[in-house]
Every structure is written in C-alpha cells, then in structure tokens.
Enquirer: 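Below you will find the structure I want to go over with you.
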Amino acid sequence: MGNESKTTTTKNPRKTNLLDHHSIKTLLDESVSEIVTSRGYVEDVRLSNIRLFLGTIVIIIALVAQFYPKKFPENHNFLIGCIYVVINGLLQLILYTKEKNAILFTYPPPGSFNTTGLIISSKLPKFSDLYTISIASADPKSISANKPVELTKSVTKWFTKDGVLVEGLCWKDVEGLIDDYANDKKSK
C-alpha cells in the first residue's frame, strides 16, 4: 500500500450549465485568464483599484449625505451632483473608454524586452455559440506593440454534452492565440 502512493494531481472538472449564457462566458473568461497568467503575464489591477477607490468615495459621500445637517428634500442637489453625476459619470467613462470587453489587463512578462502588457477581451453574444477572444497591446501606440489577434470559435468545441469544459482543447487554442500575438510583428 505504501508503494502505491503516486504524486498525480487530479483537478475537479469545470462544469457549467450549457443553457445559461452568462455562466458559460464566466467559466471561459476564468479559464482564459488562468491560461494567460500561467504564461508569465502578471495581472495589472490598477484600473480595478481606481474603480474601487471611486466606489469608496461614493460610499463616503452617501454617508455624509445621510448625516448632512439638512434633511432629504433640502440636500437633494448635493446627492445628485456628487454621487450620481460626477462619480458615476467617471465610472462609466472608465468602463466605456478603457475596459470595454476586457477580462484581463497584464503587465509585460518579466524579463521580456516588451514594454507593454496585454488586454485580453472576450465576447459571447446572446443567443450565439460563437465565443471571441482578442489579445491586444495595452498601449497600441507603443513601438513594441503587436497587431491585435482574435480567435472566434464555437463553445461547443470546448464543452462536452454534460457541460464539462475540455480544458486541454481550450488551453491549446488560447496558447496558440498568445503565440500568434507574440510572433506577429506590427506592420509598418
């Protein structure tokens, strides 16, 4: 019995409800993020931290408004001006201009000569089985930025009938896309 102990690790298969569009996209996004970070790219969380900071400011303003010397009808302009217009406008501006469909922002891999990280984006339109992953430079104007690459594939190629993700196929496709991006030089 002591000789039979092997050092194999079995991962629990990732399973999802194939009828739920959102859970399929979430599972694929998590897998793509895991694959990219396993290739040496470190996640860049600066934009998330900015959004959290703005959210904290919204909470503080809401607390100030709650304990404001004037009651609700009189502090109505204060609430609308500070919370809804200014801060939420900033959050929407960040979402619209920077994040778009991004699921992961990265720094350049350590030890590389590249000066920009990656933006990994994904789309899975409603009522469609076509999942699109795109990889672009975080700074497209940089001299070290490559042309964006994209992969569109049916999610039925990566899932079994029971909703289990075939990670080997997904892993191979995403790694191939990363290699395509790394090997594709920007046309001048």
Side-chain angles (χ1 to χ4, degrees), residues 5-56 58-59 62 83-84 87-107 109 117-138 140 146-182 184:
S5 65
K6 296 181 181 173
T7 58
T8 59
T9 57
T10 52
K11 252 169 74 171
N12 290 336
R14 294 181 177 188
K15 190 173 182 178
T16 189
N17 179 0
L18 292 178
L19 300 176
D20 184 8
H21 167 269
H22 181 70
S23 67
I24 292 171
K25 185 175 183 322
T26 300
L27 180 62
L28 288 172
D29 289 350
E30 289 171 358
S31 297
V32 168
S33 295
E34 181 182 317
I35 294 166
V36 171
T37 55
S38 75
R39 293 284 300 256
Y41 290 93
V42 179
E43 185 174 3
D44 182 0
V45 294
R46 290 179 291 185
L47 195 57
S48 296
N49 290 343
I50 290 170
R51 288 178 45 220
L52 287 172
F53 178 71
L54 289 174
T56 303
V58 168
I59 291 170
I83 296 177
Y84 297 109
I87 305 295
N88 285 330
L90 282 174
L91 286 170
Q92 290 302 317
L93 184 69
I94 289 171
L95 282 170
Y96 184 72
T97 60
K98 290 300 257 177
E99 284 192 3
K100 299 177 184 168
N101 292 323
I103 57 172
L104 180 68
F105 293 91
T106 71
Y107 292 109
L118 302 177
I119 298 176
I120 314 295
S121 304
S122 72
K123 291 183 221 169
L124 181 62
K126 236 179 192 175
F127 308 116
S128 174
D129 66 332
L130 296 177
Y131 181 74
T132 302
I133 308 166
S134 60
I135 299 177
S137 174
N146 293 345
K147 290 190 300 185
V149 293
E150 195 171 276
L151 169 73
T152 300
K153 199 162 194 177
S154 173
V155 295
T156 60
K157 304 290 183 192
W158 292 329
F159 286 97
T160 65
K161 288 188 278 185
D162 299 326
V164 176
L165 178 65
V166 182
E167 290 188 60
L169 293 175
C170 180
W171 195 279
K172 186 178 101 182
D173 289 339
V174 174
E175 280 193 331
L177 188 65
I178 295 169
D179 291 339
D180 287 349
Y181 176 79
D184 192 20

Enquirer: Calculate, to the nearest 0.5 Å, the distance between atoms CD1 and CD1 belonging to Ile103 and Ile119 respectively.
Expert: 12.0 Å

Enquirer: Does any non-hydrogen side-chain atom of Tyr131 lie less than 4.5 Å from one of Asp29?
Expert: yes

Enquirer: Report the distance from atom CG of Leu27 to atom CG of Leu18, rounding to the nearest 0.5 Å.
Expert: 10.0 Å

Enquirer: Which pair of heavy atoms, one from Leu47 and one from Lys98, lies closest together, and at what distance?
Expert: CD2-CB, 3.8 Å

Enquirer: State, with a plain yes or no, whether a side-chain heavy atom of Phe105 is found less than 4.5 Å away from one of Glu99.
Expert: yes

Enquirer: Is the count of non-hydrogen atoms from other residues, nucleotides or ligands lying under 6.0 Å from Lys123 atom NZ greater than 12?
Expert: no

Enquirer: Taking only Lys NZ, Arg NE, NH1 and NH2, and the carboxylate oxygens of Asp or Glu, determine whether Glu30 and Arg14 approach each other closer than 4.0 Å.
Expert: no

Enquirer: Hey, is the main chain of Leu118 close enough, under 3.5 Å, to the side chain of Thr106 for a donor-acceptor pair?
Expert: yes

Enquirer: What I'd like to find out is whether the side chain of Phe159 reaches to under 4.5 Å of the side chain of Leu28, using heavy atoms alone.
Expert: yes

Enquirer: Just wondering, do Ile178 and Val36 contact through their side chains at under 4.5 Å, heavy atoms?
Expert: yes

Enquirer: Kindly indicate whether the side chain of Leu104, heavy atoms from C-beta on, has any atom under 4.5 Å from the side chain of Tyr41.
Expert: no

Enquirer: Could you tell me whether the side chain of Val174 reaches within less than 4.5 Å of the side chain of Glu34, counting heavy atoms only?
Expert: no

Enquirer: First locate atom CG of Leu177, then atom CD of Glu175, and finally report the distance between them rounded to the nearest 0.5 Å.
Expert: 11.0 Å

Enquirer: Does the side chain of Ile120 come within less than 4.5 Å of Ile135's, by heavy atoms?
Expert: yes

Enquirer: Could you tell me which non-hydrogen atom of Tyr181 sits nearest to which non-hydrogen atom of Ala136, and how far apart they are?
Expert: OH-C, 4.0 Å

Enquirer: Are any of the side-chain heavy atoms of Lys157 and Leu169 separated by less than 4.5 Å?
Expert: no

Enquirer: Considering non-hydrogen atoms only, spot the tightest contact between Leu165 and Cys170 and give its length.
Expert: CD1-CB, 4.4 Å

Enquirer: For Val164 versus Pro13, what's the shortest heavy-atom pair and its separation?
Expert: CG1-CB, 3.6 Å

Enquirer: Return the minimal non-hydrogen interatomic distance between Thr16 and Ser23, and the atom names on each side.
Expert: OG1-OG, 2.9 Å

Enquirer: Please report the closest heavy-atom contact between Glu43 and Tyr107, naming both atoms and the distance.
Expert: O-CE1, 3.6 Å

Enquirer: Test Val155 against His21 for side-chain contact (heavy atoms from CB on, under 4.5 Å), laying out the working first.
Expert: CA-CA 10 Å; Val155 295; His21 167 269; over 6 Å; no

Enquirer: Apply side-chain contact (heavy atoms from CB on, under 4.5 Å) to Ser31 and Trp158, showing your working.
Expert: CA-CA 11 Å; Ser31 297; Trp158 292 329; over 6 Å; no

Enquirer: How long is the gap from NZ on Lys153 to CD1 on Ile133, to the nearest 0.5 Å?
Expert: 9.5 Å

Enquirer: Just verifying a value: how many Å separate Leu54 CG and Ile59 CD1, rounded to the nearest 0.5 Å?
Expert: 11.5 Å

